[in-house]
Amino acid sequence: PTTLLDLQPLPITALHNKEFEAIYSSSISTFNKIQTQVFQALYASNDNVFVGAPTGSGKTIAAEFALLRLWSQPKAARAVCIEPFQDVVDARVSEWKLKFGEVQGGKEIVALTGETSSDIRLLEKADLVVCTPSQWDLLSRRWKQRKNVQTIGLLIADEIQLIGGEIGATYEVIVSRTRYVAVQTENKTRIVAFGVSLANARDLGEWMGATAQTIFNFSPGARPLPMEVHIQSFNVPHFPSLMIQMAKPAYLAIVEYAEDRPVLCFVPSRKQCRSSASDILLYCTADQEESRFLNIDAAELAPHLEHVTDPDLKVTLASGIGFYHEALSKQDKRIVEHLFESGAIQVVVASKDTAWSIPLTAYMVIIMGVQTFEGKEHRYVDYPFTDVLQMMGRACRPSHDTSSRCVLMCQQVRKDFFKKFLNEGLPIESHLHLSLHDHFNAEIVTKTIENKQDAVDWLTWTWMYRRLVANANYYNMQGTTHTHLSDHLSELVEQTLNDLQNSKAINVEKEMDTVALNLGMIAAYYNINYITVDIFSSSLTAKTKLKGLLEIVSAASEFEHIPIRHHEDLFLRKVYERVPVKLTDVDYESPSFKTNILLQAHFSRLNLPADLAADQAIILGKVLGLLSACVDVMSSDGHLNALGAMELSQMCVQAMWDTDSPLKQIPGFTSEVIKRCTDSGVKSVYDVMELEDDQRNSILQMDARQMRDVAKVCNAYPSIELTYEVEDPTELQGTVPFMVTVNLEREVDEDDEVNQVIPAPHFPSKKSEAWWVVIGEPSTKTLLAVKKITVSRQQSVKLEVALPEGNHNLIVYFICDGWSGADQEHPLENVVVGPKPDEDDEDSSDEDDEMEES
């Protein structure tokens with residue numbers, strides 16, 4: 001490891017730029033020891049750098065040195081910062097908007113959405129993009145066509161140790177790709193990576209292009225504040241009993257070590273947050289000091305408690321103990337954060353899943369248990385070690401304390417493991433070999449890999465390739481010689497490409513060249529698993545109805561990681577009783593069954609417990625891409641019931657069934673209001689817009705505020721005029737493709753800005769409207785052509801159609817992916833197609849051409 005030198009801390013004036021100094025002057029006057037030691041490498045050079053240091057040692061400011069270095073150059077290029085999870089991305093964007101919003105005339109800092117078309121626009125205008133590995137992977141795959149990806153000036157890879165975790169394969173691919181693109185295009189992209197102290201930092205640093213002078217790997221003990229770690233071990237095999245037994249030692253540790261300083265306790269689950277907070281409160285009451293952790297008068301606390309929505313939280317906060325988990329409402333989270341930061345309450349019990357996103361630091365952290373229940377496998381699994389380090393890093397307040405503490409409570413058998421690894425760097429290995437198929441497929445689609453040799457070359461850029469010889473056993477490699485290595489890589493490539501070929505994602509021609517097929521392109525475009533697309537292709541038929549579609553989408557491998565919790569089947573059973581579509585196989589412990597129920601609960605707008613609501617948000621985040629893939633798979637086979645998948649997409653965004661009235665999308669439209677509307681002949685949103693004011697008031701019976709909400713949605717509702725024309729309609733011939741041009745024009749004033757974001761309060765993220773233009777023939781249930789587009793003011797789209805000889809009645813469908821009731825159908829009748837041109841005619845005309853040429 002790198003020795004932490006006893007250097008004189010650098011003052012902020014070392015930045016030699018008044019504007020940059022002003023960013024820090026209000027919060028600090030000097031940089032800490034670690035920042036001082038890496039300052040020269042990050043701020044005074046353009047080299048690639050790796051910094052490994054414990055969580056909480058100020059690596060964010062070190063990353064900012066690299067940003068400021070980039071921005072101090074003329075014509076600064078864009079920067080991309082990779083953060084592991086969406087919560088961390090959001091927190092980083094809001095923090096940096098405050099910091100850099102005014103720098104050099106205002107920096108544009110954006111978070112990507114994962115929706116390709118809007119991400120390309122965001123990248124265009126941004127100075128700094130913050131995103132997760134998979135979002136950047138999706139955008140940077142097509143680097144050959146995207147100039148803005150090629151010209152990135154700086155890549156900040158934060159929490160790089162997670163290359164050895166679940167998101168590791170994708171993280172590894174984007175760093176490898178950054179280096180590969182820089183070599184191919186000769187545009188230098190600087191890579192600076194930050195992580196915890198690692199055992200194999202030298203390897204990792206060299207892989208990402210850092211040199212011995214720019215690899216800083218400080219020991220786990222090199223913290224800004226010295227930390228005392230107490231490990232308490234327990235011999236209780238039954239997990240719920242273990243959690244109860246840990247409560248008293250946790251309470252005693254707070255009383256003994258923390259005195260009146262703030263404490264964070266981490267527990268395995270959301271449910272445990274409540275019970276552990278109540279247990280600690282119970283011990284306070286037993287000691288007859290019920291409000292020992294409350295540092296303000298009850299009268300001062302009362303106005304805050306009025307705004308708390310969670311009844312259990314109200315009770316514990318009144319005694320100075322808060323709890324914090326991902327399913328708390330935003331308002332409750334803010335209240336807990338505010339009370340804890342201001343010192344009003346002393347203890348917060350947080351769930352393990354918030355370790356990365358909780359914006360709080362404390363004097364002491366207590367980790368109660370290091371295992372969590374894994375429902376799919378019905379067993380308790382250990383926390384990833386990176387999560388434990390992240391939790392410990394929360395004990396760090398250099399401005400308030402001179403030291404920090406951590407109490408780690410674990411099973412007796414894990415004690416030695418923690419003793420060893422808390423004092424040594426963390427060894428990390430690649431996870432790429434476990435999910436190579438989808439990455440290979442993506443590179444084949446973008447033609448980075450065009451044959452088996454390219455595939456082997458592509459692997460040589462990866463972190464896995466670096467580690468194969470260093471730790472051959474881990475990767476099931478037989479030996480460490482050059483021959484072993486090349487055999488292992490060839491076998492890996494052969495096997496992966498065979499699997500892709502069997503799933504009809506790609507084709508291998510002449511036993512060497514790789515060619516992407518339709519299913520592979522769909523999988524790469526929507527960033528979904530190649531097996532999922534294969535299942536869609538074999539399951540979706542011309543007869544698949546809504547119920548079947550829902551089952552097939554729920555069974556996608558993307559939903560395999562939806563958590564199954566203890567005793568959750570009781571809640572799911574109640575929800576299942578209330579949803580309309582019943583399934584043949586009822587299995588409360590299957591992720592696909594749970595996904596299906598939660599989607600139906602979403603369409604029925606049922607209120608769910610916090611846990612299930614959070615799971616439902618994860619499902620909704622993935623489902624639209626899967627539905628778009630269904631549309632593509634069905635339309636490739638010419639099935640007109642692809643319209644069903646489009647309708648399902650609207651149902652997901654608006655949280656309503658296809659049989660519900662489109663008026664349900666307007667806020668405040670309860671079943672009584674909708675009934676009054678229907679009785680008055682008002683059936684669509686357009687009808688509501690056309691009502692006279694007094695008539696509208698008498699039907700809706702709403703106050704001014706509600707009317708403003710109604711007006712907002714009505715004004716955003718799309719009004720688009722569609723016209724079409726067939727090219728040379730009198731000269732159509734059987735099976736010869738002809739063009740249909742569809743012209744679209746939005747009815748909007750010239751001065752008004754077109755806002756394409758759909759107001760969808762029940763959908764967890766921002767959704768911009770997109771449209772499918774479809775030409776189909778209902779009599780034969782055939783889909784002839786489809787295109788997905790966005791319409792700002794005007795748009796013209798050409799569709800290619802081929803028909804057999806005869807008289808055809810077609811329909812042009814115009815269908816939205818997020819608004820319900822805005823779809824259009826325009827008949828395209830009496831399309832007369834003449835006989836198929838004779839092959840003899842073609843041959844003879846070809847011969848004539850040849851004669852003329854000679």
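Among residues at least two apart or in separate chains, ring-ring contact (aromatic ring centres under 6.0 Å, His included) pairs with a member in residues 160-191 are Tyr180-Trp461. Residue pairs that meet the salt bridge (charged side-chain N to carboxylate O under 4.0 Å, His left out) test with at least one member in residues 759-774, sequence neighbours left out, are Arg746-Glu769, Lys767-Asp817. The stretch residues 58-89 participates, sequence neighbours left out, in these ring-ring contact (aromatic ring centres under 6.0 Å, His included) pairs: Phe31-Phe65, Phe39-Phe65, Trp71-Phe100, Phe85-Trp356.
Side-chain atoms of Thr211 and Thr214 include a donor-acceptor pair closer than 3.5 Å. In the model, Asp457 has a side-chain atom that pairs as donor or acceptor with a side-chain atom of Gln453 under 3.5 Å. In the model, Asn518 has a side-chain atom that pairs as donor or acceptor with a side-chain atom of Ser636 under 3.5 Å. A donor and an acceptor atom, one from each side chain of Thr113 and Ser118, are located under 3.5 Å apart. A donor and an acceptor atom, one from each side chain of Glu494 and Asn498, are nowhere located under 3.5 Å apart. Side-chain atoms of Lys147 and Asn187 include no donor-acceptor pair closer than 3.5 Å. Side-chain atoms of Arg69 and Asn46 form a donor-acceptor pair, as typed in the model, at a separation below 3.5 Å.
His602 places a side-chain N or O within 3.5 Å of a backbone atom of Cys652 that can act as its donor or acceptor partner. A donor-acceptor contact shorter than 3.5 Å links the side chain of Thr446 to the backbone of Ala442. Using a distance-only test at 3.5 Å, with no hydrogens or angles considered, no donor-acceptor pair links the side chain of Lys504 to the main chain of Gly520. Using modelled atom types, no side-chain atom of Glu450 and backbone atom of Thr514 make a donor-acceptor pair closer than 3.5 Å. At least one donor-acceptor pair under 3.5 Å links the side chain of Asn48 to the backbone N or O of Met208. Of the possible polar contacts, one joining the Glu19 side chain to the Gln104 backbone as a donor-acceptor pair under 3.5 Å is found.
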Inset, instruction - Test Asp499 against Gln495 for side-chain hydrogen bond (donor to acceptor under 3.5 Å, both in side chains), laying out the working first. - result: CA-CA 6 Å; Asp499 291 347; Gln495 195 182 344; 5.0 Å; no
Legend entry - Full working for side-chain contact (heavy atoms from CB on, under 4.5 Å) between Phe536 and Asp632: CA-CA 10 Å; Phe536 284 176; Asp632 288 7; over 6 Å; no
Inset, instruction - Test Ile109 against Val129 for side-chain contact (heavy atoms from CB on, under 4.5 Å), laying out the working first. - result: CA-CA 6 Å; Ile109 296 160; Val129 172; over 6 Å; no
Inset, instruction - Quick one: do Phe814 and Trp771 satisfy ring pair (Phe, Tyr, Trp, His ring centres under 6.0 Å)? Show the steps, please. - result: CA-CA 7 Å; Phe814 183 52; Trp771 300 81; 4.3 Å; yes
Inset, instruction - Evaluate the criterion side-chain contact (heavy atoms from CB on, under 4.5 Å) for residue pair Val631 and Leu627; output intermediate values, then yes/no. - result: CA-CA 6 Å; Val631 170; Leu627 286 171; 5.7 Å; no
Inset, instruction - Please report the C-alpha distance between Gln135 and Asp119 in whole Å, then the side-chain angles of each, then the deciding distance to 0.1 Å, and finally whether the side-chain hydrogen bond (donor to acceptor under 3.5 Å, both in side chains) criterion is met. - result: CA-CA 9 Å; Gln135 289 166 351; Asp119 282 351; over 6 Å; no
Inset, instruction - List the steps and the verdict of salt bridge (charged side-chain N to carboxylate O under 4.0 Å, His left out) for Glu95 and Arg92. - result: CA-CA 5 Å; Glu95 178 192 347; Arg92 189 53 37 98; 3.4 Å; yes
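Partners of Asp534 under the side-chain hydrogen bond (donor to acceptor under 3.5 Å, both in side chains) rule, at least two apart in sequence or in another chain, do not exist in this structure. Under the rule for a side-chain hydrogen bond (donor to acceptor under 3.5 Å, both in side chains), the partners of Asp203 that lie at least two apart in sequence or sit in another chain are Arg467. Annotation: salt bridge (charged side-chain N to carboxylate O under 4.0 Å, His left out) contacts of Asp387 (sequence neighbours excluded): Lys352. Residues satisfying the salt bridge (charged side-chain N to carboxylate O under 4.0 Å, His left out) criterion with Asp137, sequence neighbours excluded, are Arg141, Arg177. Residues satisfying the side-chain hydrogen bond (donor to acceptor under 3.5 Å, both in side chains) criterion with Gln184, sequence neighbours excluded, are absent altogether. Take Thr532 and apply the side-chain hydrogen bond (donor to acceptor under 3.5 Å, both in side chains) test, not counting sequence neighbours, and it matches Ser557, Glu558. Partners of Glu64 under the salt bridge (charged side-chain N to carboxylate O under 4.0 Å, His left out) rule, at least two apart in sequence or in another chain, are Lys99. By the salt bridge (charged side-chain N to carboxylate O under 4.0 Å, His left out) test, Arg466 pairs with Glu206, sequence neighbours left out. Under the rule for a side chain to side chain contact (heavy atoms under 4.5 Å, CB included), the partners of Ser430 that lie at least two apart in sequence or sit in another chain are Glu172, Leu432, Trp463, Met464, Tyr475.
Looking at heavy atoms from C-beta onward, Leu198 lies in side-chain contact with Gln161 at the 4.5 angstrom threshold. Side-chain contact between Glu83 and Cys131 is absent, with no heavy-atom pair separated by less than 4.5 Å. Side-chain atoms of Thr132 and Val89, non-hydrogen and from C-beta on, do get closer than 4.5 Å to each other. By the 4.5 Å heavy-atom criterion applied to side chains, Ile506 and Val508 are counted as neighbours. Using a 4.5 Å heavy-atom threshold, the side chains of Ser72 and Phe20 count as touching. Contact check for Val456 versus Lys452: no side-chain heavy atoms found under the 4.5 Å cut-off. Side-chain contact between Ser796 and Val742 is absent, with no heavy-atom pair separated by less than 4.5 Å. Using a 4.5 Å heavy-atom cutoff, the side chains of Met651 and Ser820 are not in contact.
Taking a 6.0 Å sphere around CD of Glu166, one finds it holds 12 or fewer heavy atoms contributed by other residues, nucleotides or ligands. Heavy-atom contacts from other residues, nucleotides or ligands closer than 6.0 Å to CD of Glu108 number more than 12. Heavy atoms of other residues, nucleotides or ligands lying less than 6.0 angstrom from CD of Glu509 number more than 12. Lys188 NZ: more than 12 foreign heavy atoms inside a 6.0 Å radius. In this structure, Lys798 places its NZ atom where only 12 or fewer heavy-atom neighbours from other residues, nucleotides or ligands lie under 6.0 Å away.
Rounding to the nearest 0.5 Å gives a distance of 4.5 Å between CG of Asn148 and CD of Glu124. Note that CG of Asn507 is 11.5 Å distant from CG of Leu500, once rounded to the nearest 0.5 Å. Between atom CD1 of residue Ile152 and atom CG of residue Leu70 there is a gap of 9.5 Å, rounded to the nearest 0.5 Å.
Taking the six-membered ring for Trp, Phe440 and Trp458 have ring centres closer than 6.0 Å. Ring centers of Tyr717 and Trp819: under 6.0 Å apart, within the cut-off.
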